[in-house]
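Below: the structure, in structure tokens.
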Protein chains: 2
Amino acid sequence: MTNIKDLAKMAGVSVTTVSRVLNNHPYVREDKRNAVLEAINRSNYQPNINAVHLSTGKSFLVGVVVPYIDHPYFALLIKGMASEALENNYKLVLFQTNYLETREIEALQMLKQKQIDALIICSRKCSWSTIEAYLLYGPIILCEDTRGKRVSSTFVDHYKSFMIALEHLYQKGHRKIGYCIGRKSGTNSRQRELAFKDFVENYHLPYEPAYIFEHCTHFEDGEQVIERIQQMSNPPSALLVTSDEVAAGIVTCAQNRNISIPGDLALLGFNNQPIAKMMNITTIEIPLVDIGRKLFLQGINISKEAAYQEIPVTLIERETV
Amino acid sequence: MTNIKDLAKMAGVSVTTVSRVLNNHPYVREDKRNAVLEAINRSNYQPNINAVHLSTGKSFLVGVVVPYIDHPYFALLIKGMASEALENNYKLVLFQTNYLETREIEALQMLKQKQIDALIICSRKCSWSTIEAYLLYGPIILCEDTRGKRVSSTFVDHYKSFMIALEHLYQKGHRKIGYCIGRKSGTNSRQRELAFKDFVENYHLPYEPAYIFEHCTHFEDGEQVIERIQQMSNPPSALLVTSDEVAAGIVTCAQNRNISIPGDLALLGFNNQPIAKMMNITTIEIPLVDIGRKLFLQGINISKEAAYQEIPVTLIERETV
DNA sequence: TTGTACGCGTTATCAT
DNA sequence: ATGATAACGCGTACAA
């Protein structure tokens with residue numbers, strides 16, 4: 001493999017000059033520049049990126065922490081980040097954690113080791129203090145409300161949006177409301193739980209733990225939701241479903257069992273994924289791809305101050321409520 | 001940031017000794033080892049990975065080229081690769097290409113620049129000769145039949161599996177058979193097209209181009225398939241659908257329009273994704289996660305010879321044929 | 001068993 | 001405008 005030393009020799013100049021033309025620096029005479037350029041062509045030279053990284057201390061790599069990638073929510077976030085990464089000549093390094101803290105720490109370590117320039121954590125298991133300890137090694141961006149903390153974030157106010165959804169259901173006459181969620185822990189989930197509790201309290205509705213369905217992440221999880229509802233003596237009349245994917249699964253399963261939607265069960269999804277449009281699912285639109293883009297941009301932004309971008313959501317009325 | 005030089009000074013040894021304990025090499029006396037270990041603790045030392053990479057010429061990074069990540073087919077492949085990467089202490093660098101050749105070449109370039117140790121191409125736009133030119137810079141693994149070429153691959157014989165599926169439909173009495181596919185170009189798609197043509201020829205069936213539906217990748221694409229079928233005067237009685245996701249979309253849309261499955265239209269999906277099980281879709285099982293694992297392993301395997309792993313598929317009969 | 005010294009390929013500093 | 005040369009941080013012959 002030819003390196004800049006070889007090029008210098010071939011072009012009859014110094015390595016400095018080679019480096020200058022390579023990086024489009026000024027102060028190099030036209031003829032010398034051409035000589036270098038020609039040497040590059042003749043030699044099919046490729047810079048050794050690792051040497052560049054060592055020398056510059058930058059890697060143009062941004063880490064992305066997600067629990068799973070085969071999940072539309074995260075896939076859409078990544079899609080947004082990937083496209084923005086491309087724009088800015090960065091690459092994405094993927095950390096699929098399955099919510100294992102050790103793997104999250106691995107990602108944090110890579111930041112510390114300078115193998116990545118920034119780390120975007122889309123969802124996490126680890127505590128806030130764990131993250132805090134790594135803050136001095138590089139930008140860490142979160143996809144949750146971090147106002148008051150010294151970290152940038154792009155997020156939706158899940159308390160607020162859950163409340164909007166719940167109020168909508170209430171206005172439509174529903175009093176027995178439940179919700180489906182991926183996992184109960186997690187910052188965003190706790191926000192939603194809080195909203196739910198406040199809601200039932202405000203409207204003097206009973207708080208019914210059986211109306212909360214955990215482990216709802218994929219389409220096929222809709223089946224168990226329907227099954228459990230069918231076994232209830234006093235089932236909910238409406239469900240908030242934190243992913244349209246799951247809502248679609250519920251709709252499908254309900255159809256097979258002659259459960260009328262929204263007659264027997266009203267459904268309000270989240271994200272406004274394409275599947276929601278096709279299946280006419282009422283939903284809260286969350287621009288995930290756009291959030292992904294913004295997260296990435298925050299990651300490579302060198303401003304010292306933490307920025308908090310709240311993304312507004314909108315209710316899209318269709319036919320499942 | 002402290003480096004091994006500092007550690008050496010602190011521990012009163014040479015950098016070599018420090019490097020030895022860092023990399024668990026033999027030939028270092030216990031007391032010196034402890035001295036180094038203690039220095040590491042006191043200093044919260046972190047190795048600069050980029051320096052390691054430059055020195056060793058390895059990066060423990062493997063590139064993955066996919067057209068889209070928000071697609072279950074690729075998401076499942078990546079899932080498999082990610083888990084195997086974790087096992088082996090590698091990280092994945094994602095290239096989302098949207099089937100743009102320039103982006104594929106970028107990935108190839110990173111291999112040439114040694115920023116990644118290997119490149120796995122899950123699906124491509126670029127020509128074989130383009131890839132061939134980069135073969136000398138590191139392992140390139142493909143997810144398509146490469147027998148006869150000097151590249152390793154893990155693949156399913158799409159000709160064969162398409163034929164299995166077609167024969168099954170034929171045995172069930174179908175004579176007007178069509179199929180849905182993501183894109184018509186691409187090695188795998190052409191294999192399937194070939195199978196389809198051979199099939200209709202063997203059984204003296206008419207070749208009906210209108211029975212081939214392109215751009216079928218997501219759940220919601222099922223809608224347009226149904227729409228087009230409904231407009232046909234002589235519609236197909238059975239469809240091969242190269243993704244269960246799409247098959248599920250077709251089923252859902254068909255239900256809404258009172259089209260009986262399999263009565264009016266038989267459906268045979270591919271992959272055996274969880275959604276297929278839930279919706280009772282007859283399908284060809286393709287172990288995508290497993291294929292992802294094997295692709296990754298081939299990437300980091302240093303054997304000089306190309307290996308070709310054909311993955312067998314199995315027909316799973318359910319209720320849509 | 002240990003340490004010196006050099007190589008990895010590039011960028012940056014500074015003198016010319 | 002140009003070129004030595006010193007970092008960058010680590011691994012590793014080779015000598016001791």
Side-chain angles (χ1 to χ4, degrees), chain A residues 1-37 39-40 43-61 89 109-117 137-138, chain B residues 1-37 39-40 43-61 89 109-117 137-138:
Chain A
M1 288 259 54
T2 71
N3 56 26
I4 52 170
K5 230 178 213 165
D6 301 330
L7 290 182
K9 206 166 293 173
M10 292 170 66
V13 298
S14 73
V15 289
T16 311
T17 303
V18 176
S19 179
R20 284 215 179 85
V21 346
L22 246 25
N23 297 289
N24 280 330
H25 284 175
Y27 302 129
V28 39
R29 228 167 47 209
E30 234 6 65
D31 56 333
K32 297 220 176 194
R33 178 183 302 275
N34 290 135
V36 173
L37 256 23
I40 291 173
S43 62
N44 95 323
Y45 161 82
Q46 271 303 318
N48 180 323
I49 283 282
N50 291 320
V52 178
H53 292 170
L54 174 58
S55 201
T56 59
K58 278 199 67 177
S59 67
F60 281 93
L61 253 30
N89 261 308
Q109 287 286 348
M110 277 187 65
L111 185 65
K112 192 172 178 183
Q113 298 183 355
K114 299 188 181 307
Q115 188 166 15
I116 52 180
D117 292 344
Y137 302 114
Chain B
M1 287 259 55
T2 70
N3 56 25
I4 52 170
K5 225 179 217 165
D6 300 330
L7 289 182
K9 205 166 293 173
M10 292 170 66
V13 299
S14 74
V15 289
T16 313
T17 304
V18 176
S19 179
R20 284 215 179 85
V21 345
L22 246 25
N23 296 290
N24 280 330
H25 283 176
Y27 302 129
V28 38
R29 225 167 49 209
E30 236 4 66
D31 56 334
K32 297 220 176 195
R33 178 183 302 275
N34 291 135
V36 172
L37 257 22
I40 291 174
S43 62
N44 96 323
Y45 162 82
Q46 272 304 317
N48 181 323
I49 284 281
N50 291 320
V52 178
H53 292 170
L54 174 59
S55 200
T56 59
K58 278 199 68 176
S59 66
F60 281 93
L61 252 30
N89 261 308
Q109 287 286 349
M110 277 187 65
L111 185 65
K112 192 172 179 184
Q113 298 183 355
K114 299 187 180 307
Q115 189 166 15
I116 53 181
D117 291 344
Y137 302 114

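Letters A, B, ... are given to chains in the order of the sequence lines, protein chains preceding strands, and every chain is numbered from 1.
- Summarising the geometry, the separation between CG on A/N24 and P on C/dT11 is reported as 12 Å, rounded to the nearest angstrom.
- If you take CG of B/L54 and P of C/dG7, they are 14 Å apart, rounded to a whole angstrom.
- If you take NZ on B/K32 and CG on B/N34, they are separated by 12.5 Å, rounding to the nearest 0.5 Å.
- Contact record, A/N89 with A/F60: O-CD2, 3.7 Å, taken as the closest heavy-atom pair.
- For the atom pair A/Q115 CD and A/N50 CG, the distance stands at 8.5 Å (nearest 0.5 Å).
- Taking atom NZ of residue A/K5 and atom P of nucleotide C/dC6, one finds them 13 Å apart after rounding to whole Å.
- The distance between atom CG of B/N34 and atom P of C/dT2, rounded to the nearest whole Å, is 12 Å.
- With a cutoff of under 4.0 Å to any heavy atom of chain A, the contacted region of DNA chain D is bounded 5' to 3' by D/dA1 to D/dG9.
- Rounded to an integer number of Å, the gap from CG of B/L7 to P of C/dG3 is 14 Å.
- Between B/S59 and B/D117, the closest heavy-atom pair is N-OD1, 2.9 Å.
- Within the 4.5 Å cutoff, side-chain heavy atoms of B/L61 are placed close to those of A/L61.
- With rounding to whole Å, B/I4 atom CD1 is found 13 Å from C/dT4 atom P.
- Map B/K32 and A/V52 each onto its nearest nucleotide of DNA chain C; the residue landing nearer the 5' end is B/K32.
- Applying the 4.0 Å criterion to OP1 and OP2 of C/dG9, one finds that A/N3 has a side-chain N or O inside that range.
- For the pair B/T17 and C/dG3, the criterion of a side-chain N or O lying under 4.0 Å from OP1 or OP2 is met.
- Regarding A/N48, its CG atom lies at a distance of 10 Å from the P atom of C/dT11, rounded to whole Å.
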Protein N or O to nucleotides 12-16 of chain C N or O, pairs below 3.5 Å:
unit_1 : atom_1 : unit_2 : atom_2 : d
C/dA12 : N6     : A/T16  : OG1    : 3.4

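- Nearest approach of B/A39 to B/A11, heavy atoms of both residues: CB-CB, 4.2 Å.
- Rounding to the nearest 0.5 angstrom, the gap separating the CZ atom in B/R33 from the CG atom in B/N24 is 6.5 Å.
- Considering OG of B/S19 and CD1 of B/I4, their distance stands at 5.5 Å, rounded to 0.5 Å.
- Side-chain contact between B/L37 and B/V21 is present, with at least one heavy-atom pair separated by less than 4.5 Å.
- Going from atom CZ of B/R33 over to atom P of C/dG3 covers 13 Å, rounded to whole Å.
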